[in-house]
Structure formats: structure tokens, C-alpha cells
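Right, one structure below, let's go through it.
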Amino acid sequence: MNMTTPIEKRDFKIVGKSVRRDDVLEKVTGEAQYTGDVKLTGTLHGKIKRAAIAHARIKSIDVSRALAYPGVKAVLTHENVPRVLHYGSPHPRSASCTKDQYILDDKVRFWGEGVAAVAAISEEIADEALDLIEVEYEPLPAVIEPEDAAQPGAPLIHDVGPGGNLVLDPVRVNRGDVEAGFALADFVLEGTFSGGRPHPAYMEPNVCIADWDGSNKLTFWTSTQSSFMVRGILAEVLGLPLTKVRVLVDHMGGGFGAKQDCFQHEFLCALLAKETRRPVKMEFTRHETFVAGRSRHPCKIWLKQGFKNDGTLVARDMKLVYDSGAYGSHGPGVTIVGTTAATSLYRCENVRLEGRCVYTNTPINGAFRGYGVVQSYYALDIQMDEAAERLGMDPAELKLKNVVRAGDIAPSGHPILGHGLEICIQHGVEKIGWKALRERDRTPDPKHPHIRKGWGIGCEMHGSSAYPGIKEQGNATVKVNEDGTVTLLTGAAGLGTGAHTALAQIVAEELGVRFEDVGTVHGDTDVVPWDIGAFASHTTYLVGTAAKMAAGKVRAAVLERAAMKLQVSPGEIDLSEGKVFVVAETDRCMTVAEAMGPSRGIPAANIVANGTYEPTKSYSFAAHFTEVDVDTETGIVEVKRVVPVHDIGRVIHPIAAQGQIEGGIQQGIGHTLTEDYVIDKKTGRSLNAGLVDYKMPLSMDMPDIETVILEAAPDPGGPWGAKGVGEDPIIAIGPSIANAIYDAIGVRFHHYPITPEDILKALREKDA
Amino acid sequence: MKRIVELTINGEPRDMAVETCRSLLDALRDDVGLTGTKKGCDVGDCGACTVLVDGEPVNACLMLAVEAEGRSVETIEGLQPGVDTLHPLQDAFMRHGASQCGFCTPGILMMAKKLLDDNPRPTDEDIRFGLSGNICRCTGYTKIFDAIKSAAREMEAARS
Ligand code: FES
Ligand code: FES
């Protein structure tokens, strides 16, 4: 369908304009209500006792002192919560998840896992009560490194799954004939790559509030990207019909993918509230957002590729091992997406890929912007630079020669549409004067002789949906009010990206009303249509199309009524800026409100329509051009300038799209140079679970960013050709930095983060 | 043990009965009901809780509520000069897309206000340095810098 549907052309009134976002007035005045701001009378505070051991069986838990402590209202352990095996991230339409967790188990699988929960009249009392809970453990040998976990005879972390500490059966992709491909190669490059454990570090710690009413209905406020998923799994595990669970989420302080699990604390909060018959609030400390939140999967990659002397890529053989941490969560999805993504980016007919995902006794890794692809494309893109070096070719030229183009088969199995990546690279090469930079005088500035400058390119592509891993569905409901204003109901989460604004723009544009006349209702599973969750860069693409469809139906209904009232046929009238008019006679017109109202025996209208969309996938593309200064004395790498060139199809809200790109670059710079959530290799204990020890790029560290957004390859699968943007920037920036460091100092790094110690050590080795 | 603390919040005299161990942040959010000030870490690392105390920026999570006795506290709820008017910084943040998830926004706005109060014509470096204690994880700061520069220009123009 994507190949044949033409993209409708029109002069846009609202799409493509940076209208004022619907959520920002509240945000700049402090009125925006986040989950933690919700206040219910009589709320108790819930706290979780966390294990200080990485792998153990619980021999006994004594909660008697905690229960007797004044102010404590309830204590939960594995002995008094329902024992239901469930998913961490139950994407309702994905077959690849593993049910591997209980709310509380008699086993501990990582340092920091919750083993008991307390509700008390104050946070302090709850905290004090945690210390009164006595847990006796029988320690089990812990496996912290994926290599150790994968060894035959390694201690098993779970009884479920395919065994051998695998989260799922290895993901294998074979295209063409890899051996034959290597036989054609003039040279072969082989290398190992590895990625650390960056943490999303959204500013709003996870928080939820549970409240049961007299009819045994649970109302649950939680900071989640996937409210319907949370509703579904809470209902399943607690044994309730969906009518008895209502999930609410208004504003969210970020999530970046990581707030799309159903978390242990969410179950515990609901159960504590049930037990005490009072509202219970559970708010993570910052430390807990690390330990009990989700981080990116550390990954080890072996990559071997064969090239011809003219730069043609003839064979790719790749093995990836993702570290899932103690539970499956998004491990299966990440492994499938990250592995299959490596069929593409640079075209190659003969490809053999094997992706594994391994349990370890470490905190759980989950979904995070760039979902497995950050890891695999880091390796692909760096090795492409190495091939250019080997060939004596300009990496831009080699990348241009090999990038995917229209008609190539994408990881999803669909043909790629358009030459988006090629156009991005070409645009960036021109814009920054890449050729001249390559030929520049490399003598260091005599004033700063220890500073070496370098430039690098990083390329990526990313799908705007989770298809085919998940058969997605986007839904929207649009209704017209009697005064001519319009209400959009959507389940899409308000992560902070501006998604609701983009959806309202789409509705206003399609329907023919002013943007200000569209109000959005979201964040209440009792009210809005079912939503799959905000992930896979898909909200604008997926829900946007559903919203456009609903708006189109509503428009037709309004036109029909107006035609009746104006006594013309619907084909003779048009609707624009809230006015219906006869095209040939623009004075004959009426407002949408007038069209809606009763007249001459016709009752007032009730116009409501749903849009439902099940897409396949489109791909967005980016090439990042990055300048770094490497200080050869301190080893510090400073990113000076980034020119990110993105093809995201039709741009709905330019400033919001730029914001996604620039924020993604910030996180990606961190991942590549400074950020790593470190787990002690012996004990499994977290070593830097706080915002001072976990080093993120802040205001002083940000480079100049000159964002370029091209509407190079619009995709008919999205509204007027719109594609996703959320994840792309974080994928492209990493290899651009690693390649720039090589350009600066002639040392190749195959891992992230590349720390000053790594730089100094490599420079010493190079000199020796 | 509770104590009565008398102070000024956003220009209004207030008193609050607080536990002596209560942070100013918790007192503002839970006792006074001003939830605009955010808690991103509770240990002084993120700046989400930045408020002005006697005109100086303070991480409200690191200050005890009882220490605010007799002092003047300004929070995001007091940044608007009037019910229907916005501070130029608020307006600029909206226009430039400087607020995404918005969780850092109240703290950054208070810090930016202090910055512009002290230094009406800040250089890029001044702005970067001024915000070095405020974490924003969404925006890459680019649009925040733009918004502060733009607000500074507008405030300057309004003065002259
Ligand atoms: S909450 Fe006060 S500095 Fe983070
Ligand atoms: S806007 Fe989300 S942390 Fe700054």
C-alpha cells in the first residue's frame, strides 16, 4: 500500500507551522500537573525494601517489627501477594516477550530488586519500617557479565525461557550467501565492538498513586508512556476486568522509552492501596530510577565485512549479544530490532546475523530511544569508516556508494521509499564543506598545540513503527461541539515531545478549522480510545494518521449537514478555518457551529468519528556531521559543532521536530563520551546511581547544533508523508563522534563511552 | 516536632507548620500546595527545585523549611507579573520550544530570572554557566539558550 498511495499535495494552513504547543503555558507557569503533583486526602506513602545482594533465594522474611511500627499500615512480601507470572513489557501484539516475573518472588535476581513493600502515614516512617524488615538470604552465585551467563553450566537466573540464561532463542537472519560473498571480497574487515549501559535519566522519577473505590475499582495515576498496557497487565495480574482499572496520566517528565514497562512498584502500590483501603503514593528516589528503572542494553558485537576494491560491500557477518539484566522486559524486542536493523543501512546482498539476549544478575534493561539499533549501527557505521580508510577513499563517498536507496529491502521486509539517506549525506557534505575539511591543514594551532581537531560522519535510518515485530494500531476519536470547536480524544502519551499538538494540528488541517479550536483529551483509559503506547517514533505517523482519518470523516459529516442547510450538494462546498462556504459563491456560507445547530425541523447534530490505522512502517534517515576537539593532554573530547541532517518526511511542527533532534544529540553525546551506569563486576552493585556520578552533558557541554530537516522522502504511510523523528538523532550522533575522534588523533575506538582514560591510554600505546 | 515558620511566598506573607526536618521543597509542594517546583533528585543534583530565597537561587530540596523563617521565597507560581501577563522569559520559553517535558522548566526559569536580574545582557557563556546546575534532559539546551537571549533582548527593549 505504501508504494502506490500518492501523497496528497495541498497548501498547508497549520501543518508545518510551529504553532504554540497546547501544553506549554501550563509548563511555564508551574500549573502543569504531573503524577507526583496529584494529591488525594489520606494518602499513604509506599516504599520498597530492596535486596543488597545480586542473586539469592529468600529463606525467610520477618516483617513483624515493621508491622508493629507506629504509622505502618501494611507490609507486603512474596508470601502475601498474588503469584502470577507476567511480562514486564507486555506489548499486547508482540509474540516475542517472555513471562518471567512475579510481583514479588522468593528469589532475588539483581542487587536492588524489591523484596518487600510498606505503606505508612509518612515517607519517613515507611523508610524506617523498611529497616525493620529482616530478610534471610541463601546466596547464589551471581553472573554479572553476559559472557559468564552464557557459559555452559552457568548458574541459571530463571526457570523459564529457552534455557542457558537466554531470554529468547537466538535471532537469526540470513540473506544471500555470506561465504560466497566473502569469496568475492578483495579485503575483509573484522572487529569487536561494545556499548555500555546508558541510562535515560528522565527528570521525573517514576511515580504512581493507587486508589480503590467502594465498587472495587482501581484508579491508578502513573507516569507511563503506555497507559493501556499498564491497564491491561494490572487487570490481568490482579484478576480484574478492564472496567475496574482506570489509568490516568497527564503530563510526564520525560521517559525516552524507558517508561513503557509495567513496573514492580506499580503492582505493589496498587496492592498496598487495596490492603489499606487508602490511596497510596509511591515515588522513586533518584537512586531507584537507576536501580529499579530501565537502561540501555549493554551489547557486544562481532562484525566481519567483505569489500571489493571499488568499495562495494559484498558480505556481512555479525553476532550481537545484548545484556538483558535480570528480566526480559524489552530484551526480546531490542534484540530483534537491533539485529534485523543490521540487514540494512549500508546495502549488502549477503548477510548473516545472529542476535542473542542474555539474562544477567544486573538491573533490568529496557526500552530506550534507539532500541537496540544504537548498538548495531555504531558498529556498522564505524567499520564503514575503516573501510574508507583502507581504500584511501573519502568516507562520505564510500557511504554514499553503499547507503540504502529506494527499492532496497528494509529490515521490515518492505521496500525503502526514496533516497532519504543519500540526500541527507549530500546535503551535509555541501553545507559544511566536507571536502575542504578533509584536505585542511592539520597542523595544530600553535596556541593550543595539544588540541587536535576532527570531523566525522554518522549515518542511520529508523522505522516509524514497531512493525513487523508488533502489528500496530493507532486510534483517534474526533467530535464536533455545538459551538463549532472540535475535541480530539487520543490515548497517545504526553511524554513532552509535543505529540498532542502535532495531532491537533493534523485534525485542524484535515477538518478545516482553526488550530485554536481543537481541544485534546488524553491520558484517561476510561475515556480515550485504546492506544498501543508511545514508542518506536510512531505517534505522529501512527496516531496522526488515525486522527487524520477521523477528522476526514467528521469533515464529510459537517459538509453534508451544511450542504443540506445551504441547499447545495456537498461537492459544491468547502470547509476552511471553521467556515463552510459555497465554492462558486463564497458569500453563501455558515460557520461549523451553524451547521451543527438545529434548524427547520432538523435536530442538532452529534458528529463523532473514529479513525483506526494499522500501518506497516516507514523509515526516517539522518546523517550527522560532527566536529570534535581532542585534548591530547587530558584526554577530554569536546564536541564543538554538530550539523544533523534529517529526513523525516512531512514536518508537522518544525520547532518540536528540531527539539527532538537536539535533545537526542545531547543524550547521544553523553552515551558516547561520558555516560555509563556502572555495575560492580563482582557484587552486581550499582556504583554510580545518581545524577552527579552519572555524567550527562549539561549546559556547559553542549556544542553548537545547526539542525537541518529535509522533507526528502515523505512516506504515504504517515499524514501527508510525515515520518518519525524521536529516535533517529541518538543513533547517528555516536558513530559521528567516534569517527571524528579517529580523524583527530588517528585512533579507532570500538566502544562507548570513550572516556578520557581511554583516549590517553590509546595515545600512549600509539606513541610507543 | 513541628514549628511555625513565618515567611513571604511570592510576595504574600504566609505561615506554615512544618516538621523541623522538612525540606523547603516538601513544605512548598505538600504543605503549601505549590507543586510547580519539581523534585528531580531531592539531593541537590538536578536544579529542578530551584527557587529564589531573598533573591538568591537555592535548591529547595537542600534547604530546611525552618531556615526560610523571615525570608522571601519566590517560586515559579510567582513569576508571572500579573494574572493575565507572563514574564518575558515565560513567553520566550513558549515561543522557542524551550520546554519539552517541562519538568526542568520551573527551576530553569527561576535560575534564568536570577541571571537576567543580575546581568541584563548575558553572553552565551554567561547563560551556559548560569544554567550549569540545572539539568534538562530533553532539549539539548539549544532552545533554552535561544529563549533566554530573546527574553533578555525584549526586556532590554522594554526598559529603553
Ligand atoms: S530536586 Fe533539588 S536539586 Fe534535584
Ligand atoms: S524539558 Fe524535559 S528535562 Fe528539560
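Please read all numbers here as calculations on a predicted model, not as lab measurements. Naming convention: chains lettered A, B, ... in sequence-line order (proteins, then strands); numbering from 1 in each chain.
Against chain A, the residues from residues 126-139 of chain B that qualify, each with a non-hydrogen atom under 4.5 angstrom away, are Arg128(B), Phe129(B), Leu131(B), Ser132(B), Ile135(B), Cys136(B), Arg137(B), Cys138(B), Thr139(B) in number order. Of all residues spanning residues 147-160 of chain B, none has a heavy atom less than 4.5 Å away from chain A's heavy atoms. Of all residues spanning residues 12-30 of chain B, those with a heavy atom less than 4.5 Å away from chain A's heavy atoms are Arg29(B), Asp30(B), arranged by number. Residues of residues 86-93 of chain B placed with any heavy atom under 4.5 Å of a heavy atom in chain A are listed by number as Leu86(B), Gln90(B), Phe93(B).
Side-chain contact of Gln100(B) with Lys27(A): a donor-acceptor pair under 3.5 Å is absent, judged by distance alone.
Contact annotation for Gln660(A): both backbone and side-chain heavy atoms come within less than 4.5 Å of a heavy atom of chain B. For chain B, no part of Ala656(A) is nearby; none of its heavy atoms comes within less than 4.5 Å. Heavy atoms of Glu77(B) lying under 4.5 Å from chain A belong to its backbone as well as its side chain.
The shortest side-chain heavy-atom distance between Ser223(A) and Phe103(B) does not fall under the 4.5 Å cut-off.
Formation of a donor-acceptor pair under 3.5 Å by the Arg286(A) side chain with backbone atoms of Val43(B) is not found in this model.
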Go through it in stages, so that I can follow the logic: the residues are Glu204(A) and Lys38(B), the test is salt bridge (charged side-chain N to carboxylate O under 4.0 Å, His left out), and I'd like the CA-CA distance, side-chain angles, deciding distance and then a yes or no. CA-CA 8 Å; Glu204(A) 177 203 29; Lys38(B) 296 297 175 226; over 6 Å; no
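To the nearest 0.5 angstrom, Ile705(A) atom CD1 is 9.5 Å from Phe145(B) atom CZ.
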